[in-house]
Amino acid sequence: TPAGQCVFAKQIDFGSSDEAYGCCFDASGNLFIIGGIKGAAQPQIADFGLGPVQMYGQTDTLVVKYSSSGTVLWFKVFGGSGADGAIGSNVGVDASGNVFITFSYGFFGSPPDLGGGPLPAFGTAPAYGVRNVAVAKLNGADGSHIWSKGFGGAQDDEPFDLKVDLNGDVLVGGRFASPTFNYGNGTAPKLGDARDAFIMKLNGSNGGTIWFFDLADYRDSSVTSIA
């Protein structure tokens, strides 16, 4: 509350390493949380009281919508056969209540399918690019897939933040170590010695890349927050 009183508190625990990475509220006060979950045994089933959902790999990405009073409205689990969502997960909403998410994927495993087909695997099996950048738009009412995109190259590429602008377009910032980074409608060479910082803008309606900037210097650099 405005006075600092707790409205509700929830625990996410599937018996191993479970973490929350980002959260946001929509105009109605509903809460969205994105995180990573890892079951104590594989295969593992996730269940928030709405029925069991299969987990996929070592670590999966979890997206949960809570009502303003703390009731679980829906939840989704995304993952491939490796570790997904362990780095750089974040979430935002637009004025219509649609949900945008970003997370890393493909760490020593196959790419996840968020509902529009498997995301691209930029590297060579079993690494699949080591880590790549996933961005997706979900229907805020039920979590159903609207679009999903994958970006990256043959080395570690990671998102760190996501923001939705007033037009409903989405900004994603992070870093890439791949010699060449595929940002959707083009590629960018790595300019620094280690990792290059990047920021990109995607069309909120279809996920198409509007622009991409490499913000590298000669050292390791990252975009960790977008105002």
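Throughout, numbering of the chain's residues begins at 1 and tracks the sequence.
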Problem set entry | Check: Thr102 side chain, Pro159 main-chain N or O, donor-acceptor pair, under 3.5 Å | no

For this session: Please report the shortest heavy-atom distance between Ser221 and Ala197, naming the atom on each side.
Result: OG-N, 3.2 Å

For this session: To the nearest 0.5 Å, tell me how far Asp113 CG sits from Ser148 OG.
Result: 7.0 Å

For this session: Measure the acute angle between the ring planes of Phe103 and Phe78, then classify it against the limits of 30° and 60° as parallel, tilted or perpendicular.
Result: parallel

For this session: Under the ring-ring contact (aromatic ring centres under 6.0 Å, His included) rule, collect the residues that match up with Phe25, sequence neighbours excluded.
Result: none

Exercise. Side-chain donor-acceptor pair under 3.5 Å between Ser96 and Asn98, yes or no?
Worked result: no

Problem set entry | Contact summary for Leu191 and Ala216, nearest pair of heavy atoms | CB-CB, 4.2 Å

Exercise. Between Ile210 and Leu202, is any pair of side-chain heavy atoms under 4.5 Å apart?
Worked result: no

Exercise. Distance from Leu162 atom CG to Ser89 atom OG, nearest 0.5 Å?
Worked result: 10.5 Å

For this session: Output, in order, the C-alpha distance, side-chain angles, deciding distance and verdict of side-chain contact (heavy atoms from CB on, under 4.5 Å) for Ser69 and Val7.
Result: CA-CA 7 Å; Ser69 61; Val7 176; 5.9 Å; no

Exercise. How many angstroms lie between CZ in Arg175 and CG in Asp156, if you round to the nearest 0.5 Å?
Worked result: 7.5 Å

Problem set entry | Approximate separation, where rounding is to 0.5 Å, of Cys24 SG and Phe100 CZ | 11.0 Å

For this session: Determine yes or no for a side-chain-to-main-chain donor-acceptor pair under 3.5 angstrom, with Lys65 supplying the side chain and Val72 the backbone.
Result: no

For this session: Could you give me the CA-CA distance, side-chain angles and deciding distance for Val135 and Phe151, then say whether side-chain contact (heavy atoms from CB on, under 4.5 Å) is met?
Result: CA-CA 8 Å; Val135 184; Phe151 309 98; 3.9 Å; yes

Seminar exercise, completed: Residues Ser144 and Asp142: closest non-hydrogen pair is OG-OD1, 2.8 Å

For this session: Please list all pairs passing the salt bridge (charged side-chain N to carboxylate O under 4.0 Å, His left out) test where one or both residues lie in residues 193-202, with sequence neighbours left out.
Result: Asp165-Lys201, Arg195-Asp220

Problem set entry | Any donor-acceptor pair under 3.5 Å from Ser178 side chain to Gln155 backbone | yes

Problem set entry | Worked verdict on Thr209 versus Met200 for side-chain contact (heavy atoms from CB on, under 4.5 Å) | CA-CA 7 Å; Thr209 302; Met200 60 194 302; 4.0 Å; yes

For this session: Please lay out, stage by stage, how Thr61 and Val77 fare under the test side-chain contact (heavy atoms from CB on, under 4.5 Å).
Result: CA-CA 6 Å; Thr61 293; Val77 176; over 6 Å; no

Exercise. Can Val170 be reached from Ile146 by stepping across I, L, V, M, F, W or Y side chains whose heavy atoms are under 4.5 Å apart?
Worked result: yes

For this session: Run the salt-bridge test on Asp157 and Arg131 with the 4.0 Å N-O cut-off and return the result as yes or no.
Result: no

Exercise. Got a donor-acceptor contact below 3.5 angstrom from the Trp147 side chain to the Gly204 backbone?
Worked result: yes

For this session: Output yes when a side-chain donor or acceptor of Thr187 lies under 3.5 Å from a complementary backbone atom of Thr180, and no otherwise.
Result: no

Problem set entry | Side chains of Asn132 and Ser104 in contact at under 4.5 Å (non-hydrogen atoms) | no

Problem set entry | Side-chain donor or acceptor of Asn203 paired with backbone N/O of Asp169 under 3.5 Å | no

Seminar exercise, completed: OG (Ser225) and CG (Asn90) are apart, to the nearest 0.5 Å, by 9.0 Å

For this session: Please report the closest heavy-atom contact between Pro120 and Gly150, naming both atoms and the distance.
Result: CG-O, 3.7 Å

Exercise. Is there a path from Leu171 to Ile101 through hydrophobic residues (I, L, V, M, F, W, Y) whose side chains come within less than 4.5 Å of each other?
Worked result: no

Exercise. Does Leu215 share a hydrophobic cluster with Phe160, counting links as ILVMFWY side-chain heavy atoms below 4.5 Å and allowing steps through other members?
Worked result: no

Problem set entry | Results of ring-ring contact (aromatic ring centres under 6.0 Å, His included) for Phe181 - residues two or more places apart only | Phe176, Phe198, Phe212

Problem set entry | Stepwise side-chain hydrogen bond (donor to acceptor under 3.5 Å, both in side chains) check, Thr224 with Ser222 | CA-CA 6 Å; Thr224 57; Ser222 306; over 6 Å; no

Exercise. Is there a chain of hydrophobic side chains (I, L, V, M, F, W, Y, each step under 4.5 Å between heavy atoms) that links Leu114 to Tyr105?
Worked result: yes

Exercise. Under a 4.5 Å side-chain heavy-atom rule over Ile, Leu, Val, Met, Phe, Trp and Tyr, are Val91 and Val172 clustered together?
Worked result: no

Problem set entry | Test item: Thr59 and Ile37 side chains (from C-beta on) under 4.5 Å apart, heavy atoms | no

Exercise. Are the side chains of Tyr66 and Thr71 in touch, meaning some heavy atoms are under 4.5 Å apart?
Worked result: no

Problem set entry | Polar side-chain atom of Asp161 near backbone of Ile226 as donor-acceptor pair, under 3.5 Å | yes

Problem set entry | Parallel, tilted or perpendicular: ring planes of Trp211 versus Phe213, cut at 30 and 60 degrees | tilted

